[in-house]
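Structure, as C-alpha cells:
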There are 2 protein chains.
Amino acid sequence: MPTTPDFPQMLRGAGLRVTRPRLAVLDAVHQHAHADTDTVIGVVRQGLPEVSHQAVYDVLRALTTAGLLRRIQPSGSVARYESRVGDNHHHVVCRTCGAIGDVDCAVGHAPCLTASDDNGFRIDEAEVIYWGQCPDCAAALRS
Amino acid sequence: MPTTPDFPQMLRGAGLRVTRPRLAVLDAVHQHAHADTDTVIGVVRQGLPEVSHQAVYDVLRALTTAGLLRRIQPSGSVARYESRVGDNHHHVVCRTCGAIGDVDCAVGHAPCLTASDDNGFRIDEAEVIYWGQCPDCAAALRS
DNA sequence: ACGCTTTACTTGAACGAGTCAAGAATGCCA
DNA sequence: TGGCATTCTTGACTCGTTCAAGTAAAGCGT
C-alpha cells in the first residue's frame, strides 16, 4: 500500500490549479475504483454539497487528460474512472452486473499484444477487456 | 472471398422471420463493415426508403443477439456493427478520426489472453482494442 | 389459398449521459 | 494585495438510444 497520495502536489505537478472540487474528485476516485460519473458526483457531494455536475465532468476530463486518472468505458457502460495510471493493467467485466475488476498484464512483457497485421496503423496502446461473470453472478446463474 | 451469403437462410437458421428490413440491414452491414447505426439507416433507406430508425435499431439488436452480427463500441464511439462473427478477431481504432480496422488474433493460439489473476471471474472472452493513428491521421500529424 | 396468431414495424414521445454557453467566483503570480 | 486567467455555477440543449401503443405482415395449420 503506498502512502496516501499528495493530491495538491499531483495537481500542481500536472500544471493544474488546486481547487476543492479537484481534490474531492481525486479523493473520490482513489477511494472508489471504477466509479461512474454519477457515483463520483455523489461521493464528492458528501464533503462538498454544492458542486455542480458540470464541475465534476470538467474535472474528470481535466484529470484524465493530465494523466492523473484513467477513463474506461466497456461497451454498454457509462464512463468509469480509476486512479491506477501508468501501469499496463486491464479489466474483467461481468456481463450480468457490470462489475469491474483489475487484471495485471497477462504476461510480463506484451509480445502478444502486437497486432499481427496493423493495417498501417501506428499503434500506441493495446486495451484488453475480459468478459465473463463475476463470482456472484456466476453462482446465481448456476442456481 | 466467400460466395454471397444466403441472408434468408441465415435468418431462418437463427429462428428469425425473413423480412425486407432484416435483409436490407444484413446486406448493409455486410457491405459496410464497422458502420454505425446512422450509416446503416442511410444505406438501408437507399433500397427501402420507408424504414423507420426504430426498425433498424430493433433489427440490429435482433441480429446481434442471434449471433449474425457483432456489435463493437470503442470508448467515445457510438455502436458499430460488423458481419465477421464467430472468429476471434480484434480491432485497431484511430484516436483521431475513429477509423476502425480488423486485426486477426495476435497469436495463433491465445495464451496471452488468459488473465493472470481473474478475481474469481469466469471469463469467456477477451476483447482487444488497439489504439493509435490510422495512416492518414499519422501523416497529417507529422506534417 | 385462407385466415389466425405471433412477431415485426411505424409513429411519436421520452430518457439519460454528456456537452455547450454565459456569467460569477476562485486560484495564483507579480 | 491586485489583476487576470482559469475554473465553477447555472441552465439549456444535443444526440444516441429506448419505451409504448397501435398497425402491418410473416408463416403456420387447415
Side-chain angles (χ1 to χ4, degrees), chain A residues 6-29 34-45 47-66 68-69 71-81 98, chain B residues 7-29 34-45 47-66 68-69 71-81 98 100:
Chain A
D6 182 345
F7 295 142
Q9 197 54 45
M10 288 167 63
L11 288 170
R12 266 186 275 266
L16 296 171
R17 289 187 179 174
V18 179
T19 69
R20 291 165 140 286
R22 283 175 178 175
L23 292 173
V25 167
L26 261 182
D27 190 55
V29 176
H34 313 136
D36 59 27
T37 307
D38 219 52
T39 301
V40 173
I41 291 174
V43 173
V44 166
R45 283 186 177 154
L48 218 59
E50 301 302 323
V51 265
S52 60
H53 73 137
Q54 185 62 36
V56 175
Y57 273 100
D58 286 349
V59 169
L60 286 172
R61 179 160 38 178
L63 298 184
T64 302
T65 302
L68 297 182
L69 295 181
R71 174 188 178 131
I72 57 177
Q73 186 173 21
S75 296
S77 169
V78 297
R80 292 164 175 276
Y81 296 87
Chain B
F7 295 142
Q9 199 52 46
M10 289 168 63
L11 289 170
R12 266 185 274 264
L16 296 171
R17 289 187 180 173
V18 178
T19 69
R20 293 166 140 284
R22 284 176 176 174
L23 293 172
V25 167
L26 261 181
D27 190 55
V29 176
H34 313 134
D36 60 25
T37 307
D38 217 53
T39 301
V40 173
I41 292 174
V43 172
V44 166
R45 285 189 176 154
L48 219 58
E50 302 302 323
V51 263
S52 62
H53 72 135
Q54 186 62 41
V56 175
Y57 274 97
D58 286 349
V59 169
L60 286 172
R61 179 161 37 180
L63 298 184
T64 302
T65 303
L68 297 182
L69 295 181
R71 174 188 179 131
I72 58 178
Q73 186 172 24
S75 297
S77 170
V78 296
R80 292 165 175 275
Y81 297 87
I100 298 181

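Below, chains carry the letters A, B, ... as their sequence lines are ordered, and counting in each starts from 1. Computed from a prediction, not measured in an experiment: that's the story for all the values here.
- Straight-line distance from the CZ atom of A:Arg20 to the P atom of D:dC8: 12 Å, rounded to whole Å.
- Atom P of nucleotide C:dA17 and atom OH of A:Tyr81 are separated by 13 Å, given to the nearest angstrom.
- Along DNA chain D, the nucleotide nearest to B:His53 and the one nearest to B:Leu16 differ in position, and the one closer to the 5' end is contacted by B:His53.
- Between the CZ atom of A:Arg71 and the OG1 atom of A:Thr37 there is a distance of 7.0 Å, given to the nearest 0.5 Å.
- The separation between A:Tyr57 atom OH and D:dT7 atom C1' is 18 Å, rounded to whole Å.
- With rounding to whole Å, B:Gln54 atom CD is found 12 Å from D:dG16 atom C1'.
- Between the CG atom of A:Leu11 and the P atom of C:dT26 there is a distance of 18 Å, rounded to whole Å.
- For A:Arg12 (side chain) and A:Val18 (main-chain N/O), no donor-acceptor pair under 3.5 Å exists by modelled atom type.
- Taking atom CG of residue B:Leu63 and atom C1' of nucleotide C:dC9, one finds them 14 Å apart after rounding to whole Å.
- Taking atom CZ of A:Arg17 as the reference point, atom P of C:dT26 lies 13 Å away to the nearest angstrom.
- Distance alone, capped at 3.5 Å, places no donor-acceptor pair between the B:Ser77 side chain and the B:Gln73 backbone.
- In terms of modelled atom types and a separation under 3.5 Å, the side chain of B:Arg22 and the main chain of B:Arg17 share a donor-acceptor contact.
- Taking only side-chain nitrogens and oxygens, B:Thr19 never comes nearer than 4.0 Å to OP1 or OP2 of D:dA25.
- Set against D:dT17, C:dC28, D:dT10, the side chain of B:Ala79 has D:dT17 as its closest nucleotide.
- Using a 4.0 Å heavy-atom distance criterion, A:Ala62 is classed as making no nucleic acid contact.
- OP1 or OP2 of D:dT7 lies within a sub-4.0 Å distance of a side-chain N or O belonging to A:Arg22.
- The CZ-P distance, from A:Arg61 to C:dA17, rounds to 17 Å in whole Å.
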